[in-house]
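The structure appears below as structure tokens.
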Amino acid sequence: MARYIIKRILVAFPVLIAVSLILFVLLNVVPGDPVTVMMREHIKPELIEVFRERMGLNDPILVQFGRYMVNALRGDFGMSYKLQRDVSAMIREAFPHTIKLAIYAALVAWIIGIPAGILSAVKQNTLVDRAFMSFSLMGVSLPVFWAGLLMQYLFAFKLGWLPVTGYYSPRYYILPAIVLGWQSAGTIARLTRSNLLEVMKNDYIRTARAKGLGETVVVVGHALKNAMLPVVTMMAMQVAGLLGGAVMTESIFGIPGLGRITVDAMGTRDMPLLQGSVLFITAIIIIGNMVADLLYAFLDPRIRVE
Amino acid sequence: MNNTLNHDGAKVLAAAENVVKEFKLSGNIRRGQMVVHAVTDVSLNIYEGETLAMVGESGCGKSTMGRLILRLLEPTAGTVRFEGRDLAELGEEELRHLRKKMQIIFQDPYASLNPRMTVAQIIAEPLNTHQIYGSQKETEARVKELMKKVGIRPEFTNRYPHQFSGGQRQRIGIARALALNPKLIVCDEPVSALDVSIQAQILNLLHDLQKEMGLTYLFISHDLSVVRYISDRICVMFLGKICEVGPTEEIFRAPKHPYTRFLLEAVPKPNPHLRKEQKAFLTGEMPSPVKPPAGCRFHTRCPLAVQRCSQEVPVLRNIEGRQVACHLVTA
Amino acid sequence: MMTNLAAGRAADRIMDMAADTAAEAQEMLAITDLKTHFFTQKGVVPAVDGVSIRIPEKQVMGIVGESGCGKSVTAMSILQLVSRPGRIVGGSIMLDGEELVGKSVKEMRNIRGNKVSVIFQEPMTSLNPVYTVGRQVSEAITVHRQVGKQEARQQVVEMFKAVGIPEAERRFNSFPHQLSGGLRQRVMIAMAMVCQPKLMIADEPTTALDVTIEAQILHLMRRLEEKSNTSIMLITHNMGVVAEICDFVYVMYAGKVMEQAPVFELFDHTKHPYTKGLLNSIPKPTEEKQRLYNIKGMVPNLLRLPKGCRFSPRCEYAMPECREREPELYDCGKNHKVRCFLYQKDQGGGADE
Amino acid sequence: MQNSDILILNDQNLPPDLGLPPAEDIDAELLDNETMGDRIKTMLRKNKLAAASFVVIVLMCLAAAFAPFLTPYEPNKTSLKDRLAPPSREHILGCDELGRDHFTRLLYGTRVSVMIGLFPTSVAMIIGTVLGLFAGFYGGKIDFVIMRLADVVLAFPSLLLAMVVSYTLKGGIISIFLALAAVKWARTARVIRAQTLSMKEKEFVEAARSLGVKKSTIMFRHILPNCLPNLIVLLTLNIPESILDEASLSFLGIGAQPPSTSWGLMVFRCKPFLFEYPWLAIAPGVAILVFVLAFNFLGDGVRDALDPYLKD
Amino acid sequence: GSPAASTPPATTPTAPAATEPAASGIPAKVAPGYENIMRMVTNPQPDTCDPQQTTEFFCVNFMIFNRLAEAVTTGPGKTELIPSLAEKWEISEDALEYTFYLRKDVKFHNGNDFTAEDVKYTFERMLWPETGAKNQDFVDPIVGSDEVMAGTTKELSGVTIVDDYTIKVKLKVPFGPFIASMAAPAMGILDKEATEAAGKDFGLAADKTIGTGPYYFDKWVLNDELLVKRFDGYWDKQPELEGISWKIISDAETMRMMFEAGELDVFDTEFALSQLEYFTNSPKYANNIISGDRVGILYLTFNQQIKPFDDVRVRKALQMAMDRQGLVDALNGGRGTPRYGIFPAGVMGYNPNLPEIPYDPEQAKALLAEAGYPDGFEMTIAHDSSSTSALPRVELLASLLEDIGLKVTIDSMDSATWFATRAEGKLPAYTSTWSADYNDPDNFIYTFFAPGNTVKRSFNFNNPALSQRIVDARAIVDPVAREKEYQALEIAVIQEEAAWIPLYSVQHVFLVNDRLKGFKPSWNGWSDGWYYYDGLRIEN
Ligand SMILES: Nc1ncnc2c1ncn2[C@@H]1O[C@H](COP(=O)(O)OP(=O)(O)OP(=O)(O)O)[C@@H](O)[C@H]1O
Ligand SMILES: Nc1ncnc2c1ncn2[C@@H]1O[C@H](COP(=O)(O)OP(=O)(O)OP(=O)(O)O)[C@@H](O)[C@H]1O
Ligand SMILES: [Mg+2]
Ligand SMILES: [Mg+2]
């Protein structure tokens, strides 16, 4: 197991480096000189070169990248052009909000998605099944920003049940978590359902029934664990995916998380900030996927080491 | 040629010399880097016009052997010859050309036909690949002829495999194998998936075709009654090694290798009067091909095993017109 | 090692039983005119179409037939585990004097695994990969018996020993993938036997196994059957297996029983052309290498059964009558019944072939 | 190119009795002889929701194609007197803050969504399919490189990567095309690779190899057609996703660029009027929802219909 | 300013009567700790609170720093300079030497004494290249500024410390608005010691951003909130408010929902123009509206380097294509005034008698035909995509221009590119807004039409003689002569040269929660103001 973990981590590293490189190149071929971005029109033309030199922008891109990576490994993602702040400090400040949102959303997704998936699998082709599946398809089909808007309007503004924006207590997270979670709930419900149906076709389910087990025991005791293996992996991956989804949700619900930083950075061409935050999110996702793999390995005795 | 035994003076069509095949299993938590010793140091001759049957338990390397002979797999070591030529020395084009002369029929009539191609396309593929005929018409005629030959109505050319029963699919597979008029056909358990009545149809067909076209079969099976019916010689394998090779009837009459004996004994006979209250069983399970036992590979299950068996690998020796690999068997 | 004597003893025993047919009360299982149909989109598939089967106590009863003849569906009907579009539409299944058809789901649950158990063809896929085999077997006990975990474990380990699993204690905690095919099938048998059922259904228990392992498993089943009061219903398409361990044989074809007889009677005095065909299709060791006999054609599609005898299109002896109406099961004496007009005259009589 | 090796057979060479089944026995109708198309047709007949979805999609595509004929207005013509006019006969969905006919803009917005749904997805899938095929078929280094690349792409949250790419390319429809194509190939490549790997082990592929069929032929003639069901299913997954992604990008202002419009952009632009003129923001949102939902319903149906093919 | 005729009759009281009970019934949902804090909004988030580094984000700077003088509101659009950190100042005869006498009892938030040293440091820091300051224009007129900017010396030779509380400043040439410019928010006086110690953190870390203002910088939660709190050691009268909080909210609807839910005290419609009409039309909020004219102007400009904008007839045609009142109505709820010159009402030199530029598309087309473009031509308007409120304006302008036969493409750029391209003088055409930093016409005309600036802003105004007059006008010290010259320049540039297209000035509308009393917009109509005056208080 230890070997597997190490191997998995070793594979993750080049991916992360490649991700960084691609990101770095992409963002550095963007037209627009960072110095002008920083200074807008206020810089004297003769000073631009001085700044470029000082910022190391005249070095070959790979040298710049190398320097960036070395610093990044030390936890230094540079300075935001726009906000003149330490990018890592900004990320550190924003990340807790995002992860909180992602976790709440994941909880929503699981609490809704898994039972819905089980129920509609058990009641396959009934009204219940169709209702649940339509509901989860809605979740998958709904534009997050639009759903967020409508919910904000309805539950926060019209009905006044929940705060409009903010992040000061769990109450504030209810709406964004539902908006964000609904989407993954849909995916999870569908995956749970199809896996469960698939597993229910297996011979060992027939064996369990032939043993005289009740239908509940068969489903919950025998089918579910097998069906949940991929779902669990999916869930771990989704916590990561939710980080990406948070981009929209945070903007709408005024949560000062990573998503908002990223969108703002993009709007202001703030390369170091954008790079830092996207890289960070990606790293989290890679770690999430890794955890998903390990979780799978841990849960499935066929892979688990004796 | 390590094998001097000559069968009715026939020519050696294909030969394996000290062939080894190992599969690397990779990248699993449990396994790490493991090697499956699928075939270990096997030498075997297939004579022109004969049916050589290969029997043994599941996983003993029969299919691997068959594929090695056709060079669908590269041997880890050793040489495979066809008509005397070392297949390893052939270039890709030459090998492609040589493939006209050797074909394979598979066990699973479902997996062996491309579900997205019509019968005509499937049977015509070898013809088109080697550009046997100049015109489409000729190819079509040949396809119909082949279909008739294996007992499929020629009207069905435009049907897809799933529109046929298992037995019929097996016939289509045979037609494809026959299209290039090959010399050698490796039959990898061609009837195992079929009901007895269908199995008999296919066996008859194979038999007739051999007579008619002078085919040579390497017939892989674990059904000993089938093997006995169809083969001239039998090669018994155990865990990647040959235990015994010899003429079919002789082996059935008097098996020499202990494993062969147990194998024959274990076959349920369709005659209740031959029922035995006390049977001599082979106990235990097949050892793992990942960690094959030292010495004779059969010694862990062999009731007759002596010390030497666990230490020294028995070589295949010629004894009374057959070859046996056992320390205990003497002339 | 070859003991014709032993074979003789077995034959005697079976002959005795055959003589005892009158003992209706001792019947463990009595299926009468069972009909299980599948209601598919293309029509009704009469997979089991009026099958009557009787299994006395302590017997190994075999069902043979080609693929798709309704063997498995018959078996699953007993447990009432026929899958979705399928339904039992008629007939009765008496298990030890208890009618099973029409029982509630809950009542059936108490019977499954308890009074009737089953083992399947693929021992790998029939075991849940995520639980230890020990757990899966003890579950069969705890669901039917009021026993503690510890005691259940004890019983399982004993059962494991009884079915010849080496290192039973250690194997208790193994996962299915850690066992070989033969061991897995032993686990399945242990699971089937652990509640000492009245009837064990074995649906092609050895088809996926190698001959040497097959021999072990068949031997094991025979031994268990002798030691316990369990009757076995063995489904197979291998005549060799039938000859090896069955006491009585039913030959099925396209949802109907074509012939039934004690095993020696069946092999010695084969009557039905279908059964003959099946037996003749097997290459005989003695035979010279000529063409094999084969039944022409293939099993009919159950959606479009031929008129008259369902075997008539493939039958060499088919008479005009055969294409007109269905033959009944004619009793030929010696507990031998055949569904063929050729034996109409034998009705009630004890004539031989 | 007559080959003399080949024995010319005639009827006399036929073996006497092959146990040839009587013709009636092979009853094509009763065997499982449905093609993929048949299955989908049957599904559409049975599954009303999927059928309705199909109709909706077709209608919306037609509406997009014939937008100029369906409305007398131009999408970008402002008319200050009609500012925020409520729905009426002349303006079915009213007018937006600059007096442009909302319905007209919705129609023209459909074009963007339909194009985004189809083009980048198709391009991505073609790329993904080819790469997946090569990776799966050749294995080794090619496989390693392609799959690590896919890993890299999949490691990004797709929306984020699309944002970065479309940002690098300075926004606009073309850059969304490229961005989505850059993101979506990876999943296709993975699926097709897995499928190719399993197909490669199939006996019919081995049979083709034993016949000496060329590698490229094996790949494109034997393996690719067998990936078709997977591709169809992927398509039904990717299209709605792309539409949603475009909407999100446009909503964030890096998608469609004004004055041209798309549904996402329309929601964004009409968001401020949600309270007093709710229909403005709701209409494009509903359009997205309906369109995407229709694709998803249809996709689900197709997936169910193709289920047996997916397990090979 | 005088409200335009079309302005709704709703009166715009400068402050709701304090005694009146809350008419609107807006709840006051106050989070604990905010009982006595004025809650406002800012958008977008400031880059920094270092006054020298920003040209647009002054909300916090205004409150935590003092300047040598302050501009205070004396009426709508009216301003007066009052002494602040400088108790008084003297101007030499030749208008080249300024002597500032500094206040002696002033302490910085960290307890340091305020001295002449700090003033000199502030001026010099603005000029040091490594600071990268963006407001060098203000200290640019001082002798020696060029050397400091070039980095050859750190010392600004034109500034002499006479003693701890007296400082002399020498200018290169006379500069009329020098004192006024000293009151611009960018000229907040920094504490030398604290600022040096803070280094890069200055303006970013609240506790390291030290000034002398009535409020100290309490905290900055990124993307969420800026908070300043009352400074107990303030040299002047303590504010009644305990502090001011700016929420960072980008979303107009969110802002509105928060205001209506009572979570904001001041709803600034500038950040949410789309909601303006709702509030102004809603009788419920009649008593909560406070507005002031913005001393600023919205305009459309084009690049004279690009053909055919070099043709004055084309430029005039474009000027005539503008339906100014229509724009005001559509984009600003009718709350604004069409403009035909450079100087908006409220700024010194405003000319109320300027001739109107008529909205006459037909005449415009005729002019185009005359210039040789009877079928119009293609043009591009560049748009800063980060400014969402400008988007409808751009679209509307494009539509108006299409009415006279042009084909208009809108090129959306991100703001960085937009600014960078503009600085290169390459933007084709754009619309933007300018409002007064300090009360002087120079702040407008010099910014746009002075030789260097006109390139930086992509105007490329191409009349060297006129440009030279604009530079020369700076040196006029006599107020009457100045006013005259500027008005003449205005007519020359706009009416004759047609060098840009003035559109309109807006009325800045605030909505104020019932609990907040005495709120006044700042003199120039900015959102950021000197929210420190008598009567501004909260009554819970
Ligand atoms: N591609 C492969 N990769 C890894 N191991 C393989 C591969 N092919 C075969 N093996 C292993 O090699 C051994 C021999 O396999 P082979 O298929 O030749 O056996 P076989 O005798 O044909 O068995 P069966 O009767 O089950 O077909 C087995 O242990 C098998 O697991
Ligand atoms: N779920 C189902 N839907 C429709 N028909 C079915 C279903 N299950 C079984 N059948 C039909 O019932 C018939 C009998 O099937 P059954 O499984 O009992 O055959 P079998 O004799 O056990 O065959 P095998 O030897 O292949 O196991 C088959 O013809 C099959 O077509
Ligand atoms: Mg094999
Ligand atoms: Mg069966």
Side-chain angles (χ1 to χ4, degrees), chain A residues 11-12 14-19 21-23 25-32 130 133-134 137-138 140-147 149-150 152-153 157-158 183 186 190 194 198 240-248 251-252 259 262-263 266-267 269 274-275 277-278 281-283 285-286 289, chain D residues 49 53 148-161 163-170 182 237 240-241 243-248 250-254 263-264 267-268 270-271 274-275 278 281-282 284-297 299-300 303-304 307 311:
Chain A
V11 172
V15 171
L16 199 55
I17 289 179
V19 164
L21 181 64
I22 290 177
L23 204 58
V25 171
L26 267 183
L27 292 178
N28 281 284
V29 300
V30 170
R130 251 163 254 148
M133 281 306 107
S134 300
L137 266 182
M138 282 273 278
V140 180
S141 310
L142 214 55
V144 170
F145 53 90
W146 190 69
L149 224 55
L150 291 189
Q152 205 177 34
Y153 174 64
F157 182 70
K158 275 276 174 226
Q183 197 165 30
R190 280 148 50 97
S194 63
E198 200 55 44
L242 289 171
L243 293 176
V247 171
M248 295 253 123
S251 307
I252 292 169
T262 314
V263 174
M266 206 163 272
R269 292 259 134 158
L274 185 57
Q275 203 152 319
S277 56
V278 173
I281 293 177
T282 311
I285 287 177
I286 290 174
N289 290 353
Chain D
L49 209 51
S53 301
R148 289 299 83 72
L149 215 60
D151 278 353
V152 169
V153 172
L154 288 170
F156 282 106
S158 72
L159 185 62
L160 220 52
L161 181 57
M163 274 163 77
V164 169
V165 172
S166 99
Y167 202 68
T168 304
L169 300 168
K170 286 192 71 217
L237 275 175
E241 262 185 31
I243 295 172
L244 274 184
D245 282 352
E246 182 277 331
S248 298
S250 292
F251 183 81
L252 288 174
I254 42 181
W263 291 338
V267 174
F268 176 61
C270 298
K271 184 168 77 98
L274 184 64
F275 303 112
I282 288 176
V286 169
I288 300 173
L289 180 63
V290 168
F291 201 43
V292 173
L293 203 55
F295 267 112
N296 276 329
F297 276 133
D300 256 21
R303 202 164 336 170
D304 283 350
D307 198 37
K311 284 198 209 86

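So you know, we letter chains A, B, ... as the sequences are listed, proteins then strands, and number each from 1. Both backbone and side-chain heavy atoms feed into the values below; hydrogens, waters and symmetry mates do not.
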**OP:** Would you mind telling me which of D:Pro284, D:Pro278, D:Ala247 has the largest number of heavy-atom pairs within less than 4.5 Å of chain A?
**Re:** D:Ala247
Subject >> chain D contact via A:Met133 - which portion, at a heavy-atom distance below 4.5 Å >> reply: neither
Original post:
Which region of A:Leu16, side chain (C-beta onward) or backbone (N, CA, C, O), has a non-hydrogen atom less than 4.5 Å from a non-hydrogen atom of chain D, or is it both or neither?
Top reply: neither
Original post:
Which value, rounded to the nearest 0.5 Å, describes the distance between A:Trp146 atom CH2 and D:Leu274 atom CG?
Top reply: 10.0 Å
**OP:** Tell me, for D:Ala281 versus chain A, whether the close heavy atoms (under 4.5 Å) come from the side chain, the backbone, both or neither.
**Re:** backbone
Original post:
Does a side-chain heavy-atom distance below 4.5 Å link D:Asp151 with A:Ile286?
Top reply: no
Subject >> With sequence neighbours excluded, residues passing side-chain hydrogen bond (donor to acceptor under 3.5 Å, both in side chains) with A:Arg130 >> reply: none
Original post:
Side chain, backbone, both or neither: which part of D:Phe297 has a heavy atom under 4.5 Å from chain A?
Top reply: both
Subject >> Ring geometry between A:Phe145 and D:Phe251 (parallel below 30°, tilted from 30 to 60°, perpendicular above 60°) >> reply: parallel
**OP:** Please look at D:Leu149 and chain A and tell me whether the side chain, the backbone, both or neither of the residue comes under 4.5 angstrom of a heavy atom of that chain.
**Re:** neither
**OP:** For chain D, find which of A:Thr282, A:Val15, A:Leu137, A:Leu149 contributes the most heavy-atom pairs closer than 4.5 angstrom.
**Re:** A:Leu137
Original post:
Tell me, side chain or backbone of A:Ser194 under 4.5 Å from chain D's heavy atoms, or both, or neither?
Top reply: neither
Original post:
By side-chain contact (heavy atoms from CB on, under 4.5 Å), which residues pair with D:Pro240, not counting sequence neighbours?
Top reply: D:Val292, D:Phe295, D:Asn296
Original post:
Can you name the closest pair of heavy atoms from A:Arg190 and D:Asp300 and give their distance?
Top reply: NH1-OD1, 2.9 Å
**OP:** Tell me, for D:Asp245 versus chain A, whether the close heavy atoms (under 4.5 Å) come from the side chain, the backbone, both or neither.
**Re:** neither
Subject >> Pairwise distance OG(A:Ser141) to CG(D:Leu244) - rounded to 0.5 angstrom >> reply: 7.0 Å
